[in-house]
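Have a look at the structure below before the remarks.
Fair warning: this is a prediction, and the values are worked out from it, not measured in the lab.
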Amino acid sequence: AATGSSSSPSGLAGTGTGTETVRATTGQAGAPVGASILASLALSTWHSVMEKPVMSSAVMKEPVYTRTGLRSCEDSHSLAHLAAMAKETKERWPGSAGIVYARTRAECERLAALLQDKHDVDCEVFHAGRTGEALARTQGNWAGGDVHCVVATVAFGMGVDKADVRFVAHWGPPTTLEGLCQESGRAGRDSNPARCVMYVGSNELDELRKVTGGGGDAHAAVDAYARGVSRCRRIGLLEHFGERRAGGCGEGEERCDVCADPDAVRRAAAAADRISDRAAERRMEDARVAAEEDTYGGTAGSRSEEHTSEL
């Protein structure tokens, strides 16, 4: 949360003596937005409070290939990890539930089907393409803890107050860290441990840069957070919102993946990047071969044999 405040003579309010405090509160806002709010409302002081000790944050990098806007994830480690997290959470806190955010309606439908069919996760879908009756039923089932999780676009959760949301997952990178914090902040409101996990591939970050018109500060912040393998996630988020702290996750806090096992994070990220690089090279080679076939006719192999005979 972020708050701007100012003390003004009470006479301006029409009553009493001394001073009265005017306070404006918002959800997530970085320093530039804070400065704008102060100027617009003539406030004097900006406070940013982003600490949430019960929240642990993690990024899982895995080779991800997209086809028609959908992630190739049928047999992925990320899918298995998400399913296990949903089941473990429900076993420990039977009345709780989680939220999985996906970027498109089609991705929501596909991911929910995979979780149900391949991993026996009880989940429902929430997006604007469904009927009002279906959305109300889904929200009721989720709020009552009758499902493991809901798979939704980012519109889900606004105005919803369920204290025991135990995890929030992002299936692919969010467009901003403000969005990440707002959405993950819906977990752990009852002060019990909660998890925020981003499932992402390096190529998805590259695609996000294209979608956002070359990136800019917002994309750069998401990119640095997602690719980071040596810096505490908590520190990265706090500094984005203008806060400072001396060290990483400490005593009494749920530890992020980097603080919990930095070597494992580095190994997993490096392995994912290597596989993604090899896959990209294969796609480039396939494109080159296809271009040769279009240019010369026949197959690339026959063209090579023809060239050899000419020599």
Worksheet item: Are side-chain heavy atoms of C181 and F241 found at a separation under 4.5 Å?
Response: yes
Worksheet item: Of the non-hydrogen atoms in C259 and C249, which two are nearest, and what is the gap between them?
Response: SG-N, 3.4 Å
Worksheet item: Which value, rounded to the nearest 0.5 Å, describes the distance between S184 atom OG and I99 atom CD1?
Response: 10.0 Å
Worksheet item: Rounded to the nearest 0.5 Å, what separation is found between the OG1 atom of T138 and the CG atom of D146?
Response: 11.5 Å
Worksheet item: Does the side chain to side chain contact (heavy atoms under 4.5 Å, CB included) test come out yes or no for L82 and W171, once each step is laid out?
Response: CA-CA 9 Å; L82 174 56; W171 195 249; 4.1 Å; yes
Discussion item. I'd like to know if R166 and D190 make a salt bridge, using a cut-off of under 4.0 Å between side-chain N and carboxylate O.
Written reply: yes
Discussion item. Applying a strict under-4.5 Å side-chain criterion to I, L, V, M, F, W and Y, I'd like to know whether L114 and F167 cluster together.
Written reply: yes
Worksheet item: If you measure only the distance, is there a donor-acceptor pair under 3.5 Å linking the side chains of E124 and N141?
Response: yes
Fill in: Within one Ile-Leu-Val-Met-Phe-Trp-Tyr cluster: V197 and V258, side-chain cutoff 4.5 Å
no
Worksheet item: Atom CD of E204 and atom CZ of R103: how far apart are they, to the nearest 0.5 Å?
Response: 5.0 Å
Worksheet item: Of all heavy-atom pairs between K87 and V121, which one has the smallest distance, and what is that distance?
Response: CE-CG2, 4.1 Å
Discussion item. Taking the side chain as everything from C-beta on, heavy atoms only, tell me whether V265 gets closer than 4.5 Å to R233.
Written reply: yes
Worksheet item: About how many Å separate CZ of R137 and CZ of R130, when rounded to the nearest 0.5 Å?
Response: 6.5 Å
Worksheet item: Do any N or O atoms from the side chain of K118 and from the backbone of L79 form a donor-acceptor pair under 3.5 angstrom?
Response: no
Practice prompt. Work out which heavy atom in A194 is nearest to a heavy atom in V165; give both atom names and the distance.
Written response: CB-O, 4.1 Å
Response to the item:
One should read off an interatomic distance between Y101 OH and T153 OG1, to the nearest 0.5 angstrom, of 8.5 Å
Worksheet, complete the sentence: In terms of heavy-atom contacts, G95 and K162 come closest through O-NZ, 3.2 Å
Worksheet item: Passes side chain to side chain contact (heavy atoms under 4.5 Å, CB included), N192 versus V54? Steps please.
Response: CA-CA 6 Å; N192 284 316; V54 299; over 6 Å; no
Worksheet, complete the sentence: Scanning both residues in full, the closest heavy-atom pair of M198 with P174 reads CE-CD, 3.7 Å
Worksheet item: Between the side chain of R245 and the main-chain N/O of E239, is any donor-acceptor distance below 3.5 Å?
Response: no
Item to complete: Any chance you could lay out the side chain to side chain contact (heavy atoms under 4.5 Å, CB included) test for L238 and R244, step after step, and finish with the verdict?
Response: CA-CA 6 Å; L238 289 174; R244 298 289 185 270; over 6 Å; no
Fill in: Least distance between heavy atoms, C123 atom then Q116 atom
O-NE2, 2.6 Å
Worksheet entry | Lys/Arg-Asp/Glu bridge criterion (N-O < 4.0 Å) met for E243, R234 | no
Worksheet item: side chain to side chain contact (heavy atoms under 4.5 Å, CB included) between R110 and V125: does it pass, once the steps are laid out?
Response: CA-CA 10 Å; R110 182 165 175 266; V125 175; over 6 Å; no
Worksheet item: Taking the six-membered ring for Trp, are Y225 and H240 ring centroids under 6.0 Å apart?
Response: no
Worksheet item: Between W93 and M85, is there a shared hydrophobic cluster once you connect ILVMFWY residues whose side-chain heavy atoms come closer than 4.5 Å?
Response: no
Worksheet entry | V147 backbone acceptor or donor facing K90 side chain under 3.5 Å | yes
Worksheet item: Once you round to the nearest 0.5 Å, how far does CE of M55 lie from CD of E253?
Response: 12.5 Å
Worksheet item: Mind checking whether W142 and F156 have parallel, tilted or perpendicular rings, split at 30° and 60°?
Response: perpendicular
Fill in: Donor-acceptor under 3.5 Å (H148 side chain, D122 main chain)
yes
Worksheet item: Do L111 and M60 belong together in a cluster built from hydrophobic side chains that touch within less than 4.5 Å?
Response: yes
Worksheet item: Are the side chain of D223 and the backbone N or O of L205 linked by a donor-acceptor pair below 3.5 Å?
Response: no
Item to complete: Look at the side-chain heavy atoms of Ile, Leu, Val, Met, Phe, Trp and Tyr, link any pair under 4.5 Å apart, and say whether V222 and L180 land in one connected group.
Response: yes
Worksheet entry | Sidechain-backbone polar pair: H170 side chain, G172 backbone, donor-acceptor under 3.5 Å | no
